[in-house]
*Asks:* 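This structure is in structure tokens; I'll ask about it shortly.
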Amino acid sequence: MELAKVGSLVDCCIGIVVVEEIMGGFWKLRSNNSWRKNVSFLMSVGLLLLFLCQLSLATVHHQRISGSAGDVLEDNPIGRLKVFVYELPGRYNKKWLKRDPRCLTHMFAAEEFVHDFLLKSPVRTLDPEEADWFYTPVYTTCDLTPNGLPLPFKSPRVMRSAISYISMYWPFWNRTEGGDHFFVVPHDFGACFHYQEENAIERGILPVLKRATLVQTFGQNHHVCLKEGSIVIPPYAPPEKMQSRFIPPSTPRSIFVYFRGLFYDIGNDPEGGYYARGARAAVWENFKDNPLFDISTQHTSTYYEDMQRAIFCLCPLGWAPWSPRLVEGVIFGCIPVIIADDIVLPFADAIPWEKIGVFVPEKEVHNLDKILSLISLEQVLEKQKLLANPAIKQAMLFSQPTLPGDAFHQILNGLARKLPHDPHIYLKPGQRVLNWSEGHKKDLKPW
Amino acid sequence: MKANGGVHRLTRARSKIQYGCNLEQIADGTLRSLTIPVSRLTVQSMLCFISLILGFQFTREATIFAGNLQHGTVSNTLSSFNFSANIRSGIRSNFAMQISQTLGNGSDVFGTLVRSILPPDPVVSELSESKKPVVWQHEILVRPWPHPDPLEVMQAYGLISRIQLEQRQIHGIEDWKPIIAITPTFVRAFQALHLTALMHTLSLVPGPVTWIVIEAGGVTNETASLLTQAHVHRLLHLGFGNSMTPGLEEQPLLETRLRIEGLRCVQEHKLEGIIVFADESNVHSLEFFNMVQEVNWFGVVSVGMLGHASFGEPMEYDIGALHEGKNEEQGSHQLSGTILRFEPQVQGPVCDSMGKLVGWHTFDGFHLEDRVFKMPDKSHEGRLEWAGFVLNARAVWEAGSDEPVWLDSWLNWTRSSGDKNLPDIRSILRDEKRVKLLGGCGHQVLLWWARMEAHANISYPSNWALDSPLEIVIPARSTPWTDMPKGQPPLPHLPTPSLLEAVTPAPTPSRRKGGNRVRGRDSKLKHLRHRQDPLKGKVTDDRRNPGSSRGS
């Protein structure tokens, strides 16, 4: 947030002034003790304290704003904004899909479905002059390995090529250098375009996207790959598949804690300690014998049904902090236990996640059973009531066909909340801010 | 699925520079024989300086070098330095693997040493050449005693049960109508059997239950003592009329009279809810009580009939003919056998394809003890069990305006039915087709009548409490050599080995006279097989561990 930057600048100035005052005070005290010198010394001490307080407040300030559930979630974006969809040639979108239709079913399918939705939505405008936001349909996560995992190595080049295309054929990119454009980048680490955290941090966000708004699934505070002003969305989970597996709500919830998934990633992390920052391994080692914890790596065909019979569902981080388990937990009414430090959850300004889920710091994972059994009944019932709210369930799904309040509408709401645009994003004609030769050498090759 | 190193407690290195300098001291120490103090200082400072620039990488190499020299494997040292170029690649996850692979067998110490060294804080590693952002290895925190704390487990289970209660209240049937169960009973041998079962069923109903028990011949202490265990919302124990006749023919009539007395009680107290005729010998499924909640005024259910009476003539069927299309080609596969085919033992409504009631399926008399009892009165043929009917309690109140037209008023019905000719409750209906068909009109049978009954006048221990000991049919097993001085003959009635296998033997005292061998036929009993030596005077209860001390 810009406010935070200004605030920190002010803090720095105050700090310098205070330090100077203190030094001056000490010098003066040495010479002669008069009350005036004492007063000035006390004042400087007071200013120092104020400076420290401001500093502490600045560090506590998070990006997460707790919205009241149901208030902003049910806003109707139609009429509040207009989106222009660029028509890119098929090699940026349709060809990828034709090559591999699995792109429509994996957890990164949000980019395809958002494109599809915007083409049919009433917020779409065919007149770019009246548009508030511009959308570029480029599928950067559709280059899949035979196993189905997306390879991000070509993605920066594809993105750069798409942007150079739109800047060539339409004047709107150059008008703001992307200030009123948004892109959907649902990859592991967003626009850093890598699946390994070290490499992603090293690359950073693609420089040409520096001024654009990013709609991504990754969210972690104080991380390079989360740009300020990004909209965090849930990963894609197939709505029909989940909604066809409901069991009667009167089925008693008899599982205390439920989790299915990997605890150790032998292939990529044979020693342990890297995958999930050791948190998943700690859960396994501590609670594999605990009767309250139904945790295992075995793939079961009754996964969705079991989640509906569980009270708490663990959502620990993996290689990236986000996972589709959050979506599944919300849909099936299982309270998510989020074990990922500093994570930013989807639509965090609209959904008060602290009231819905349980957040466990990674260093407290070994006390998970104590933490969960100490939650009072009223709190659990309150959380279950919030989860039963259909607005939240709707907000997590990319429904086909689209329904009011679903994830698409939440994205539009988020974009609408950022309007009106700051007039500073509009550049003077001929002014250039972005450096197109910035970035990794390999990324600069044209695609 | 666990990694090899996953279970180890991995600790973080403190200060890299300090550690590095310490190692350099170790390295220097090994070269002490070759150095003089001044050059030692210069080497130390040089190594410190280099480590500052190169970072942890150098300290690892130094460790390996030092370790190698300690173990005196010079060739390994050389090979490790050859791989130093690979080591500097900065790929941490491969690092330990490479080292442990290259160092080979004698390097288990190295393996653990290397794994316990963690890369340092990212701040310090920025000084390294590669300048890659570091994602470091984290400690897997394991509690020293990971077993669950019993108090926490109790709290968690308490939480689960409370949540389930809330769930039932929210998602269960809304507006649970109270159940009024009317049960006629009388003191007899099988009363305890039936009444206890019914009592437990009614206690499990998730909702308020008013249980009206009407006893023939007045309230008795025996029945009252059986009913003390009942967990129902309200219990009314009434007595009425004469005691039950011994003959089986008269029983249904008396029971009907008792039920009508129960209905009168409902009318008196103006009880609200759904009246269920829960006979003693009925077995209800809990789903039945959920099903009857749908009743507005009058409902019918199908009742299954269970008993050991003859069900009908067995019929022979050619099984081959059943698989018509399949076996014709196969020719030789003509299976034939007998299927005992019985009529479905269900009494209840029958509907047409539109789901409307067209008739009733019932039996021509009822069977008990392999005898068919025809009803004494012709008008009672085709009598349906009371248990198959469920009605709203308001139907038996004084005639109110909200009663439907097709339901006869209670007073009219009791007045019209004489003393002898008490029909079943169907006669209260003016229009039978208006009843509510529960359970899919005969699809679901959630209620059974177990026709298992003793005569009313057989004797049995009252309250099923035995005063005097029973007659011994099988004497208890005992060994012939217990506490008897030598010379005395063994006890007369020793059990034969065949009985031994059938009866679980009592634990034998292990004291034995020396030299008495176990009989060959007893060799099946394992604990005796091992006893060849005289005992030490220990008493064994545990058959599995001969000679072990008592208890565990």
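Residue numbers start from 1 in every chain, and the chains themselves are labelled A, B, ... in the order their sequence lines are given, proteins ahead of strands.
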*Asks:* Quick one about A:Tyr258 and A:Asp306 (side-chain donor to acceptor, distance below 3.5 Å, no hydrogens or angles considered), yes or no?
*Replies:*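 Yes, A:Tyr258 and A:Asp306 have a side-chain donor paired with an acceptor closer than 3.5 Å.
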*Asks:* Examine whether an atom of A:Ile375 lies under 4.5 Å from a heavy atom of chain B, and if so say whether it belongs to the side chain, the backbone or both; otherwise answer neither.
*Replies:*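 The backbone, not the side chain.
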*Asks:* Where do A:Gly261 and A:Thr297 come nearest, in terms of heavy atoms and distance?
*Replies:*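 In terms of heavy atoms, the two residues are closest at O-CG2, 3.1 Å.
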*Asks:* Which one wins on heavy-atom pair count under 4.5 Å against chain B: A:Thr251, A:Val224, A:Ile255?
*Replies:*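 That would be A:Thr251.
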*Asks:* Please look at A:Ile311 and chain B and tell me whether the side chain, the backbone, both or neither of the residue comes under 4.5 angstrom of a heavy atom of that chain.
*Replies:*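 Side chain only.
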*Asks:* Does atom NZ of A:Lys363 have more than 12 heavy-atom neighbours, drawn from other residues, nucleotides or ligands, at distances under 6.0 Å?
*Replies:*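 12 or below, so no.
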*Asks:* Contact part of B:Glu166 toward chain A, heavy-atom cut-off under 4.5 Å: side chain, backbone, both or neither?
*Replies:*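 Just its side chain gets close to chain A.
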*Asks:* Which bit of A:Gln384 comes within less than 4.5 Å of chain B, counting heavy atoms only: side chain, backbone, both or neither?
*Replies:*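 Just the side chain, heavy atoms under 4.5 Å.
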*Asks:* Out of A:Pro252, A:Ser376, A:Ser250, return the one with the most heavy atom pairs under 4.5 angstrom to chain B.
*Replies:*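 Highest number of heavy-atom pairs under 4.5 Å: A:Pro252.
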*Asks:* Taking only residues two or more places apart in sequence or in another chain, which ones pass ring pair (Phe, Tyr, Trp, His ring centres under 6.0 Å) with A:Phe218?
*Replies:*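 So A:Phe218 forms a ring pair (Phe, Tyr, Trp, His ring centres under 6.0 Å) with A:Phe189, A:His223.
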*Asks:* Is there a donor in the side chain of A:Tyr275 and an acceptor in the side chain of A:Arg280, or the other way round, less than 3.5 Å apart?
*Replies:*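 There is such a pair between these side chains.
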*Asks:* What part of A:Ser254 gets closer than 4.5 Å to chain B, counting heavy atoms only: side chain, backbone, both or neither?
*Replies:*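 Interface part for A:Ser254: both.
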*Asks:* At a heavy-atom distance under 4.5 Å, which candidate from A:Leu292, A:Leu372, A:Asn367 has the highest pair count against chain B?
*Replies:*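 That would be A:Leu292.
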*Asks:* Let me know if A:Val380 has heavy atoms under 4.5 Å from chain B in its side chain, its backbone, both or neither.
*Replies:*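 It is the side chain, since no backbone atom gets that close.
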*Asks:* Report yes if the side chains of A:Glu382 and A:Lys355 come closer than 4.5 Å at any heavy-atom pair, otherwise no.
*Replies:*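 No - every pair of side-chain heavy atoms lies 4.5 Å or more apart.
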*Asks:* Among the options A:Val365, A:Leu381, A:Leu377, pick out the one with the most heavy-atom pairs lying under 4.5 Å from chain B.
*Replies:*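 The residue among A:Val365, A:Leu381, A:Leu377 with the greatest pair count is A:Leu377.
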*Asks:* Checking side-chain polar atoms at under 3.5 Å, does A:Asp265 have a donor or acceptor matched by the opposite partner on A:Trp319?
*Replies:*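 Judged by distance alone, the side chains do pair up.
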